[in-house]
Amino acid sequence: MEENKKNGNENIASEKTESRNFIEQIIDKDLEEGRFDHVQTRFPPEPNGYLHIGHAKSILLNYGLAKEYNGKFNMRFDDTNPTKEKEEFVDSILRDTKWLGADWEDRLFFASNYFEQMYEAAVKLIKKGKAYVCDLSPEQIREYRGTLTEPGKESPYRNRTVEENLELFENMKNGVYKDGEKVLRAKIDMTSPNINMRDPIIYRVAHMPHHNTGDKWCIYPMYDFAHPIEDAIEGVTHSICTLEFEDHRPLYDWVVRELEYPNPPRQIEFAKLYVTNVITGKRYIKKLVEDGIVDGWDDPRLVSIAALRRRGFTPESIKMFVDLCGISKSQSSVDYAMLEYCIREDLKAKKPRIMAVLDPVKVIIDNYPEDQVEWFDVANNVECPELGTRKVPFCKEIYIDREDFMEEPPKKYFRLFPGNEVRLMNAYFVKCVDYKKDETGKVTEIHCTYDPETRSGSGFTGRKVKGTIHWVSARHGVKAEIRLYENIVDEEKGKMNEDGTLNLNPNSLTILDNCYIEPNIADVKPEDKFQFVRQGYFCADMKNYSAKHPVFNRIVSLKSSFKLPKS
């Protein structure tokens with residue numbers, strides 16, 4: 001019995017271990033072995049663009065681990081490159097991170113606030129004989145570095161004395177040299193099989209003002225030198241980054257070791273989040289913005305966090321997406337359809353459903369009283385009774401979608417056509433008796449009759465109809481602009497052209513400016529979301545929506561080809 005009990009406990013422990021991702025297992029072991037007595041993580045973006053869906057994975061992972069272990073979470077900007085950084089990007093990153101739900105409380109930091117400590121750290125390395133000032137040009141440094149199969153060769157300036165290096169480095173700081181004239185390099189090993197360890201540059205001259213420190217500095221630390229110092233200064237325990245930094249980890253460890261930080265942080269790498277048929281590269285997005293192809297970094301065709309928010313995605317849907325993707329060391333890509341699945345799942349039982357006609361054609365109900373208006377009680381969402389009901393007006397003239405009428409329908413077409421009867425959703429049965437066309441052959445007017453006995457909710461059982469269509473009162477409907485979005489790159493031909501340019505989809509945005517929505521949108525605010533019956537999920541545009549000019553973005557259609565894999 002004891003043996004069975006023991007085996008049972010082992011199985012439970014094994015199941016618990018298996019259910020935890022590899023990062024959690026590493027942290028568990030670190031805590032158990034006393035390497036750390038707490039957990040502190042950070043999200044360290046460079047403010048050189050807007051965050052995208054891949055960053056959401058990093059934010060939620062780092063913040064989630066801090067919460068899980070009752071630890072601390074730092075929001076920190078790696079702002080060490082003033083040539084690409086802007087205050088606009090700082091503001092957008094703070095806004096997007098908070099919107100995702102990651103609360104850093106009073107733990108907001110900037111790498112640039114540590115520039116003095118980084119300078120002192122570089123001086124310490126010089127004094128230890130671990131860093132030197134090099135006069136080689138960028139091209140020469142690349143040439144001396146070697147290749148993956150050939151070792152590098154030492155710079156002729158590698159063996160300068162400590163005193164000479166200290167003087168030259170101070171001159172760098174004091175603005176004596178031009179950009180690119182001199183750099184400070186770590187003295188490690190030019191024959192290392194890891195190219196990152198072949199005397200990497202740790203400081204360069206850049207006569208450019210910084211968004212945070214102004215003109216105080218004309219030398220700036222390189223990312224690989226600054227990042228481990230920032231982590232160590234802040235007391236980060238687990239520096240979690242994406243897989244491309246795995247080859248940089250020996251340099252990370254070298255920096256904190258040579259600078260003799262107590263309890264140095266541990267770097268752990270995980271696989272990036274790649275999504276099919278989307279653009280995340282900042283240089284591509286920057287060009288799209290500059291060329292006016294999109295209307296900003298938050299254009300709803302992009303997958304920046306700001307763009308997803310403007311499109312109508314929710315923090316909950318993005319978190320669901322990240323959770324479904326999981327955490328691993330293996331690079332893979334995820335179908336964009338899975339992100340769409342997550343927003344449908346999040347919204348379907350939360351948001352009200354209203355009727356909207358995107359391509360209107362007028363229907364005149366010939367036998368309906370001219371001045372009569374009825375108001376039907378309609379459930380806002382049958383899956384969510386607590387959302388209540390609304391009053392929907394009905395009168396003699398209504399709009400229906402053009403696709404809901406055909407002059408000569410094929411078999412199994414159950415919507416409106418001459419002689420056919422359908423139900424108007426939440427209203428009456430109507431039968432098409434005539435229609436009119438303009439000189440181009442386009443249907444402009446449909447005439448019907450209605451059966452007053454068939455009012456919705458009356459319990460009428462006299463006959464059945466196979467089709468139900470939505471509608472909007474012509475007298476009461478609100479005219480709106482509706483924007484339909486597709487992938488900005490052509491899915492059929494692939495993301496990139498042979499010349500390295502983006503293969504753009506010419507139909508990525510369709511603007512419909514003659515749509516009608518039922519009048520229950522008087523109190524709508526930007527970012528409010530709805531299901532338009534039979535059309536999809538839509539969001540009031542956060543930049544362009546107004547009561548006088550309603551603008552809605554389609555978040556996602558109702559139908560999906562994506563199926564959640566069985567666990």
Side-chain angles (χ1 to χ4, degrees), residues 312 314 316-317 341-358 360 363 365 368 372-401 403-404 414-416 421-430 448 450-478 480 482 515-525 527-540 545 547 550 552-560:
T314 61
E316 294 82 3
S317 66
Y341 164 84
C342 292
I343 187 63
R344 288 189 190 96
E345 286 296 299
D346 185 49
L347 295 181
K348 68 180 181 181
K350 280 185 182 178
K351 298 301 176 182
R353 299 172 184 177
I354 62 175
M355 294 189 288
V357 174
L358 275 53
V363 172
I365 305 171
Y368 195 85
Q372 183 171 321
V373 177
E374 293 181 84
W375 294 83
F376 297 110
D377 286 315
V378 179
N380 285 323
N381 187 333
V382 293
E383 294 182 43
C384 187
E386 55 267 33
L387 288 178
T389 61
R390 67 189 187 282
K391 298 280 188 181
V392 178
F394 182 80
C395 60
K396 185 180 183 71
E397 296 186 358
I398 62 173
Y399 292 118
I400 66 170
D401 261 306
E403 66 174 18
D404 286 337
F414 300 125
R415 295 176 226 174
L416 203 58
E421 189 173 44
V422 299
R423 173 173 285 286
L424 294 177
M425 188 175 288
N426 304 304
Y428 295 101
F429 287 10
V430 294
C448 293
Y450 89 114
D451 182 349
E453 300 296 320
T454 61
R455 181 184 169 108
S456 182
S458 66
F460 175 80
T461 58
R463 61 188 179 279
K464 294 185 181 295
V465 292
K466 290 185 177 180
T468 299
I469 62 176
H470 64 285
W471 52 275
V472 170
S473 165
R475 188 189 304 181
H476 304 88
V478 176
I482 291 181
C515 307
Y516 287 89
I517 301 175
E518 63 176 80
N520 294 288
I521 61 167
D523 299 324
V524 168
K525 302 181 295 297
E527 292 193 80
D528 282 354
K529 300 167 185 64
F530 303 88
Q531 183 192 123
F532 289 177
V533 173
R534 292 178 53 219
Q535 303 284 6
Y537 293 96
F538 290 76
C539 175
Y545 184 92
F552 290 90
N553 302 325
R554 183 171 66 185
I555 310 168
V556 67
S557 61
L558 290 177
K559 294 182 180 179
S560 170

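Note that these values count all heavy atoms, side chains included, but never hydrogens, waters or copies made by symmetry. Here, residue 1 is the first one in the sequence, and each next residue gets the next number.
- Here the shortest heavy-atom pairing between A540 and V524 reads CB-CG1, 3.9 Å.
- Heavy atoms only, all atoms of each residue included: I398 and S473 are closest at CG2-CA, 4.2 Å.
- Taking 4.5 Å as the limit, every side-chain heavy atom of I400 sits out of range of all side-chain heavy atoms of V357.
- Remark: the backbone N or O of L358 is paired with a side-chain donor or acceptor of D401 at under 3.5 angstrom.
- D404 has a carboxylate O that lies under 4.0 Å from a charged side-chain N of R534, or vice versa, which qualifies the two as a salt bridge.
- Using a 4.0 Å cut-off between charged side-chain N and carboxylate O, R463 and E453 make no salt bridge.
- A side-chain donor-acceptor contact under 3.5 Å links N520 to the backbone of K391.
- Using a 4.5 Å heavy-atom cutoff, the side chains of N426 and F394 are not in contact.
- F532 has its side chain out of reach of H470: every pair of non-hydrogen atoms, C-beta onward, lies at least 4.5 Å apart.
- N381 contributes a side-chain N or O that, together with a main-chain N or O of E383, makes up a donor-acceptor pair within less than 3.5 Å.
- The two residues R475 and V373 come nearest to each other via the heavy atoms NH1-CG2, 3.2 Å.
- Considering V363, L424, V533 in turn, L424 is the only one that fulfils the side-chain contact (heavy atoms from CB on, under 4.5 Å) rule with I469.
- Here the side chains of I517 and P550 are not in contact, with every heavy-atom distance at 4.5 Å or above.
- At least one donor-acceptor pair under 3.5 Å links the side chain of R423 to the backbone N or O of T454.
- Closest approach of G312 to I343, counting heavy atoms only: O-CD1, 3.9 Å.
- Between the side chain of R390 and the backbone N or O of A379, at least one donor-acceptor pair lies under 3.5 Å.
- With a 4.5 Å cut-off on side-chain heavy atoms, F460 and Y428 do not count as touching.
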Q: Would you check, one step at a time, whether the test side-chain contact (heavy atoms from CB on, under 4.5 Å) holds for F376 with M425?
A: CA-CA 10 Å; F376 297 110; M425 188 175 288; over 6 Å; no
Q: Take Q535 and F530 through the side-chain contact (heavy atoms from CB on, under 4.5 Å) test and state the conclusion after the steps.
A: CA-CA 10 Å; Q535 303 284 6; F530 303 88; over 6 Å; no
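- Across all non-hydrogen atoms, the minimal contact from W471 to P393 is CZ3-O, 3.1 Å.
- For the pair E518 (side chain) and I354 (backbone), a donor-acceptor distance under 3.5 Å is absent.
- Y545 contributes atom OH, which lies 13.0 Å from atom CD of E527 (distance to the nearest 0.5 angstrom).
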Q) So D346 and K529, salt bridge (charged side-chain N to carboxylate O under 4.0 Å, His left out) or not? Walk me through it. A) CA-CA 11 Å; D346 185 49; K529 300 167 185 64; over 6 Å; no
Q | Stepwise side-chain contact (heavy atoms from CB on, under 4.5 Å) check, R344 with S557 | A | CA-CA 9 Å; R344 288 189 190 96; S557 61; 3.5 Å; yes
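- Y537 contributes atom OH, which lies 12.0 Å from atom OG of S317 (distance to the nearest 0.5 angstrom).
- Formation of a donor-acceptor pair under 3.5 Å by the K351 side chain with backbone atoms of Q531 is not found in this model.
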